[in-house]
Amino acid sequence: MIRGIGWVFAGLSVLAASISRGADDLPAGFPVQVRVDASKPRGALPPIWRFFGADEPNYAYMKDGRKLVGELGRLRPGSVYFRAHNLLTSGDGTPALKWGSTGAYSEDAQGNPKYDWSIVDRIFGVYLENGVKPYVQVGFMPREMSIRPEPYQHHWTPTAKYDEVFTGWAYPPKDYAKWAELVYQWARHCVETYGRAEVESWYWETWNEANIGYWRGTPEEFQKLHDYTVDAIKRALPTARVGGPDSAGSGGRWTREFLEHCLRGRNHATGQVGTPIDFVSFHAKGAPTVVDGHVRMGIAEQLRTIQDGFRIVASFPELKDKPIVIGESDPEGCAACQGPRFGYRSGTMYSSYTAAVFARKHDLAERTGVNLEGALTWAFEFEDQPYFAGFRALATNGVDLPALNVFRMFSLMGDRRLPAFSTSEVGLDAILRDGVRGAPDVSALASRDDRSVSVMIWHYHDDDVPGPPAEVALEISGLPVSANPTLLHHYRVDADHGNAYEAWKQMGSPAQPSPEQHAALLRASGLALVEPPDWHRIDGGVLGLQMSLPRQGVSLLRLELPSSK
């Protein structure tokens, strides 16, 4: 059926009522106007969302991990990247929370190196066969190299103190030349195994968050480790893409001193001035709390950290055009932790936060004039754990979580950003100052390519409490004038769409779902349409649509441009 400008999405009025607690008592919805001009692209919209990672590298080749790697690869085959800790950690590959190992390095009785790439090749092999590329984190310290090897493997649990993870793998090497040789042999092996052109497309960086407990050496010792690492990679592949430092937070003075060293300091490995740096990376996390019995997100904390990091990079003229990857970019800092303040993770608070925060990353990059290439989501899956266990993850027992569907939405968007205006948008400065604690943020990110126009609209608030729906009137102008109709897809993540967690709760939250229940969860977990795609005529280059968007809901409207034939 072909419909006109005033079309209202059928059945959407029920969505507000499906938000869980207290929804029946919500006041009437509030009006929101969203306007998009499809004729005036404001610049590129780089796919910064296509980076992911996890502490536990060995999950990648396990049953549910392999499935999720495949889901990530399908988002943008050949352009998705995965970063993992523990790629050089000693061990037999048996995973645990915040732990993994590959046994890549050991020594014989005389102290001679022995290299075994079988486990790390198994990890990378799963990535590559599923359209995912390595973002290679060079670490951690093998047992035989560590200046303080024991205790080595930790036995951390979510009830333990976080510092208990920092054991023998976090220390500097006894011999930097041996470390460099390990890195060189690994990089050379990758070139020989996967081909020069393939490895040239990877990212390589040293360690993780060396400005906190992940590094039990001094800042100068880390700079030395980094110099030896980069030199070894470049000796194996001069065209390799190397960078760092993947600091915890913006890193402040620590990061400034690191970048100063890379740009103008004496290289510990070569004795020359400077260390190659092809991209800059740092981490940014939010800070959720529990207020009056509910989770309150900390979007302002994460965005302020990103702004600080961008400003540090922008303060170095030599780095003005260098790509930036926010190497971990999340609502908080511990994917494997559990507890009340992490109660947002399985449902639509995480998915709506994801939509709202990624759009503001683009805004901050534009404001500071930096080259943002990626923002890496540190969330994967936890093998053989209870369903919906409260970890920061994208899937549970092979069932995708709502947040993954927002990344599926991102993958459908075009590469040119369009101007979008909302009467209920919370401005960037206000979010940086106060978060979203007053009126909700109902805003939009719009894009186009040669074949389609896409508009993502979210209804976000820091507080995980019920609220009235947004009654959105969307106007897309500047569309091509054509006698031919155009096809509209309307995707949604909310309580009733793309939400296996809500489906699980409606089942009674079974600890061990039956095969039939598991199959139903799988059906509920995919990116869902509000209703079947429908055809529309565009009158005068303008299309008007109306919809009801519940709190924590995210919609993607993807309009196929009419053919000129």
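Note that the coordinates shown come from a computational prediction; the quantities given were computed from them, not determined experimentally. Below, all heavy atoms of this structure are taken into account, side chains as well, without hydrogens, waters or symmetry copies.
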Under 4.5 Å between any side-chain heavy atoms of I538 and S482, yes or no?
no
What is the distance from atom OG1 of T305 to atom CG of L364, rounded to the nearest 0.5 Å?
10.5 Å
Supply the atom-to-atom distance T377 OG1 to F82 CZ, rounded to the nearest 0.5 angstrom.
10.5 Å
Minimum heavy-atom separation for Y387 and P513, please, with both atom names.
CE1-CD, 3.3 Å
Which word best sums up how the rings of F30 and H459 line up, parallel for under 30°, tilted for 30 to 60°, or perpendicular for over 60°?
perpendicular
Intermediate values then yes/no, side-chain hydrogen bond (donor to acceptor under 3.5 Å, both in side chains), N208 and R83:
CA-CA 10 Å; N208 174 70; R83 176 176 180 259; 2.9 Å; yes
Identify, with sequence neighbours excluded, every residue that meets side chain to side chain donor-acceptor pair (under 3.5 Å) alongside S555.
H490, R492
Measure the spacing between NE2 of H362 and CD1 of I48 and express it to the nearest 0.5 Å.
3.5 Å
Hey, does the side chain of S422 reach the backbone of V442 with a donor-acceptor pair shorter than 3.5 angstrom?
yes
Using the test ring pair (Phe, Tyr, Trp, His ring centres under 6.0 Å), find all partners of Y203 that sit at least two apart in sequence or belong to another chain.
F51, Y81, Y135, F279
Taking C-beta and beyond as the side chain, do M62 and Y59 meet within less than 4.5 Å on heavy atoms?
yes
I'd like to check the side chain to side chain donor-acceptor pair (under 3.5 Å) partners of S79; sequence neighbours left out, ordered by chain and number.
none
What I'd like to find out is whether the side chain of K98 reaches to under 4.5 Å of the side chain of Y162, using heavy atoms alone.
yes
Determine the minimum heavy-atom distance between G29 and P468, stating which atoms define it.
CA-CB, 4.2 Å
Hey, could you give me each pair passing salt bridge (Lys or Arg N to Asp or Glu O under 4.0 Å) that has a residue in residues 370-387? Not counting sequence neighbours.
R241-E373
For the residue pair F410 and F358, does the interplanar ring angle fall in the parallel (under 30°), tilted (30 to 60°) or perpendicular (over 60°) class?
tilted
Working to the nearest 0.5 Å, report the span between CD1 of I299 and OH of Y353.
5.0 Å
Decide yes or no for R76 and S411: does some side-chain heavy atom of the first lie under 4.5 Å from some side-chain heavy atom of the second?
no
Shortest non-hydrogen separation from H497 to A528 and the atoms involved
CB-CB, 3.9 Å
Summary of salt bridge (Lys or Arg N to Asp or Glu O under 4.0 Å) pairs that have at least one residue in residues 479-491, sequence neighbours excluded:
none
Where is the tightest heavy-atom contact between S346 and L401, given as atom of each residue plus distance?
O-CD2, 4.1 Å
Once rounded to the nearest 0.5 Å, what's the spacing between atom CD of Q33 and atom CD of E471?
13.0 Å
Among residues two or more places apart or on two chains, list those pairs meeting salt bridge (Lys or Arg N to Asp or Glu O under 4.0 Å) that have a residue in residues 389-414.
E71-R408, D330-R392, E332-R392, D400-R408
Answer whether the closest heavy-atom distance between the side chains of W504 and V399 falls below 4.5 Å.
no
Residues at least two apart in sequence or cross-chain that pass side chain to side chain donor-acceptor pair (under 3.5 Å) with R523, listed by chain then number, are none
Can you list the residues that meet the ring pair (Phe, Tyr, Trp, His ring centres under 6.0 Å) rule with F382, with sequence neighbours excluded?
F391
Do the side chains of N405 and S351 get nearer than 4.5 Å, heavy atoms only?
no
Sorted by chain and residue number, the salt bridge (charged side-chain N to carboxylate O under 4.0 Å, His left out) partners of E56 (sequence neighbours excluded) come out as none
Sub-4.5 Å side-chain heavy-atom contact between S447 and R417:
no
Just verifying a value: how many Å separate L487 CG and H536 NE2, rounded to the nearest 0.5 Å?
8.0 Å
For a quick check under 3.5 Å, do T396 and Q385 share a side-chain donor-acceptor pair by atom type?
no
Please collect all salt bridge (Lys or Arg N to Asp or Glu O under 4.0 Å) contacts where either partner lies in residues 437-450, sequence neighbours excluded, each pair once.
R360-D441, R416-D450, R437-D462
Under the side chain to side chain donor-acceptor pair (under 3.5 Å) test, which residues partner R50, sequence neighbours left out?
none
Looking only at non-hydrogen atoms, find the nearest pair between V80 and L75 and report the distance.
CG2-CB, 4.4 Å
Residues forming a salt bridge (charged side-chain N to carboxylate O under 4.0 Å, His left out) with R296, sequence neighbours excluded
D463
Please report the closest heavy-atom contact between A439 and V426, naming both atoms and the distance.
O-CG2, 3.8 Å
Between V465 and R551, is there a side-chain heavy-atom distance shorter than 4.5 Å?
yes
